Amino acid sequence: MVDTEAAPVKSARKTAGTTAGTTARRGRPSQPAAVQADLLAPAVGTGLAEAAGLLAWYDRHRRDLPWRAKPGETADPYRVWLSEIMLQQTTVTAVKPYFDRFLQRFPTVGDLARAPQEAVMQAWAGLGYYSRARNLHACAQMVVARHGGHFPADIDQLRALPGIGAYTAAAVGAIAFGIPAAAVDGNVERVLARLYAVEEPLPKAKPLFHALAQALVPSARAGDFAQAFMDLGATICTPKRPACVLCPWSAPCMARAAGTAETFPRKAAKKEGTLRLGASFVAVRADGAVLLRTRPPEGLLGGMAELPGSPWTPDGPNGDILAHAPLQARWATLNGTVRHVFTHFPLELTVLRADVPRKTPAPTGMRWVAAAELDTEALPSLMRKVLVKARIEIRPV
DNA sequence: AACTCGTGGCC
DNA sequence: TGGCCAAGAGT
C-alpha cells in the first residue's frame, strides 16, 4: 500500500494545480486527462485501473444483446446507431422490443430515410423523448443524402448528425468503427466517480469524467472497451449495492477502499417541478371511433397524437371546464384522475367522456379514428392512460 | 448554463 | 408509494 491517505478528486483544476512539474505541458486546464491518470495512479491502492483488466472481464461476462455483434463479428453501424439512440436515457429492457420492431419495419438506414415520419413516430410511440424519433428520421435522411447511405467513420462527422451528441458519436465511432473515443454515459460516470472518489458533483464534473475516461481508452478493441465500461456499470458497479467483490477494478477503486462506493457519484440537488392540471375529452362516436388531434411538431410530446383538452397549467382549467370541450355533447366527468409524471413536472388530468351520434363531424384540426385503428396512432403512454380511464380498449405497448 | 424532454421498473 | 434511475441531446 503506497498511500492510504490518497486525496479524492475534487476538481480537475485544483488537483492538477497541485502537481509540480506538470504545468508546463499541461496546456489548458480543461484538458487534464493524462495529468489526472498519472497523478492518481500510484495513490489508488494495490492496482492501476487499466483497459486490459476490464477487457478480460468483458470477454467472460459480456451481455448478449440484440444489437451487439458476436465476438469476432463486425458491428453493423446502422444497428449500433439505432440502438444507441434508443438507449439514450432508456433501459435495455424497454428498448429490446422496439429495436426488434424497428429492424423489421426499417431493415436499412435507407428504408428508414424513405419512410413517412408518421410511420416512424408510430413505431416509436411509448418509448418517450420523441425528439429522438424526429432526429432519428432526419439523421437517416442525412446519412443517405450526404454520406451515400453509410455512417461516417469519423467522430466529428457523426457528432454533426441530428440526435448524435458527444456520447453517441463516441459510442458509434468506437463500437462500429473501432475509433478510440471515450463514450461517457451515466454508467461510466458512476464507475469513474467511484474509481477516483470524485467529490465534484454532476453535472459540473462532466469534463473531468470525459478526461478520466479518455485516458483509459486503449488503442485496440476500443468498441469492446466502450461496451465493457457500460456493462460494468450496468451489472457490477450499480447505483445501489454495487457488487464490488466481482469487480475487475476493485483493487484500484478508491471508493471501494473507503467503503463509500454507494455514495458516488455526487450530484447537485435538482428542483422539483410544480403540479400541472388539465382536462382531456374523450368523444366516442356511435360506431366506436374516437376524436383525436396531433400535437404541434415541437415541444412536449411533439408530433404525437392526443385527446383534445385544455392546456396544462398550475391553476388548471379555470372555471368552466367545458369551455375546452372540442364539441358540444353531454360530457360526463369520470371518477378519479389520470396522473402522469414527466421529467420536469407531474401532471393530473381530469377525463371527460361523451357518446355522440355517428354523423358528428370532426372539428377543425381533429379527426375521428376508428377503434381498430387506434393501434396505428402515435399515442404516447399518457394518452393511453386517458383512453383506459374512459374505458376505450387499446392494446398496451 | 440551466431547462426541456417520457416512460416504466425498482426498492 | 414515491423518489430514483436508465447507453443524453438540443437549446
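Quick caveat, the model's predicted, so the values are computed rather than measured. In the text below, chain A, chain B and the rest are named by the order of the sequence lines, each starting its count at 1.
We find that Lys70(A) and Asp64(A) are joined by a salt bridge, their nearest charged nitrogen and carboxylate oxygen being less than 4.0 Å apart. A salt bridge links Arg367(A) to Glu377(A): at least one charged side-chain nitrogen sits closer than 4.0 Å to a carboxylate oxygen. At a threshold of 4.0 Å, the pair Arg62(A)-Asp59(A) does not count as salt-bridged, since none of the basic side-chain nitrogens sits closer than that to a carboxylate oxygen. Electrostatic pairing of Arg293(A) and Glu306(A) counts as a salt bridge here, judged by a charged N lying under 4.0 Å from a carboxylate O.
One interatomic measurement links the two molecules: CG of Leu65(A) to P of dA7(C), which rounds to 12 Å at whole-angstrom precision. Atom CD of Glu189(A) and atom P of dA6(C) are 9 Å apart (whole Å). One atom, CZ of Phe342(A), and another, P of dT7(B), lie 6 Å apart when rounded to the nearest Å. Computed from coordinates, the Leu300(A) CG to dT11(C) P distance equals 16 Å when rounded to whole Å. dA9(C) atom C1' lies 10 Å from atom CZ of Arg132(A), rounded to whole Å. Leu202(A) has its CG atom 11 Å from the P atom of dC5(C), to the nearest Å. The distance between atom NZ of Lys206(A) and atom P of dA2(B), rounded to the nearest whole Å, is 13 Å. Taking atom CD of residue Gln89(A) and atom P of nucleotide dA9(C), one finds them 9 Å apart after rounding to whole Å.
Centroid-to-centroid, the aromatic rings of Phe342(A) and Phe345(A) come within less than 6.0 Å.
At the phosphate of dC3(B), neither OP1 nor OP2 sits under 4.0 Å from any side-chain N or O atom of His344(A). Between dG9(B) and Thr93(A), no contact under 4.0 Å exists linking OP1 or OP2 to a side-chain N or O. Considering only side-chain N and O atoms, Tyr129(A) lies nowhere under 4.0 angstrom from the phosphate OP1 or OP2 of dG10(C). In terms of phosphate contacts, Arg190(A) brings no side-chain nitrogen or oxygen within less than 4.0 Å of OP1 or OP2 of dC5(C). Contact check, His340(A) against dG6(B): no side-chain N or O comes under 4.0 Å of OP1 or OP2. Between Ser131(A) and dT4(B) there is no side-chain polar atom (N or O) within less than 4.0 angstrom of OP1 or OP2.
Counting any heavy atom pair closer than 4.0 Å across all strands shown, Arg134(A) reaches no nucleic acid atom. Looking at heavy-atom distances under 4.0 Å, Pro203(A) makes no contact with the nucleic acid at all. Within the nucleic acid shown, Ile85(A) has no heavy atom closer than 4.0 Å to any nucleic acid atom. Residue Val188(A) is classed as having no contact, given no heavy-atom separation below 4.0 Å to the nucleic acid. Among the protein residues, Gly233(A) comes within range of no part of the nucleic acid, since none of its heavy atoms lies under 4.0 Å from any strand. Using a 4.0 Å heavy-atom criterion, one finds that Trp81(A) contacts no nucleic acid atom at all. When heavy atoms are screened at a 4.0 angstrom cut-off, Ala183(A) is found touching no nucleic acid atom at all. When heavy atoms are screened at a 4.0 angstrom cut-off, Gly126(A) is found touching the sugar-phosphate backbone but no base atom.
If you check dG6(B), dA6(C), dA9(C) against the side chain of Tyr167(A), the one that comes closest is dA9(C). Checking dA6(C), dT7(B), dG10(C) against the side-chain heavy atoms of Arg159(A) singles out dG10(C) as nearest. Of all nucleotides listed (dA9(C), dT7(B), dA6(C)), dA6(C) comes nearest to the side chain of Lys267(A).
Just one residue in the list Tyr58(A), Trp57(A), Tyr196(A), Phe229(A) forms a ring-ring contact (aromatic ring centres under 6.0 Å, His included) with Trp249(A), and that residue is Phe229(A).
Judged by atom type and distance alone, Thr90(A) does not reach the base of dG8(B) through any side-chain donor-acceptor pair under 3.5 Å. With hydrogens and angles ignored, a donor-acceptor pair under 3.5 angstrom links the side chain of Arg63(A) to the base of dA7(C). Within 3.5 Å, a donor on the side chain of Thr343(A) pairs with an acceptor on the base of dG6(B), or the reverse.
Spacing between dA7(C) and dA2(B) at atom P, rounded to whole Å, works out to 24 Å. Across dA9(C) and dA1(B), the matching C1' atoms stand 15 Å from one another, rounded to whole Å.
To the nearest 0.5 Å, atom CG of residue Leu161(A) and atom CH2 of residue Trp81(A) are 9.0 Å apart.
The residue among Thr91(A) and Ala166(A) whose nearest nucleotide of DNA chain C is located toward the 5' end is Thr91(A). Taking for each of Lys240(A) and Leu127(A) the nucleotide of DNA chain B with the nearest heavy atom, the 5'-most of the two is the partner of Leu127(A).
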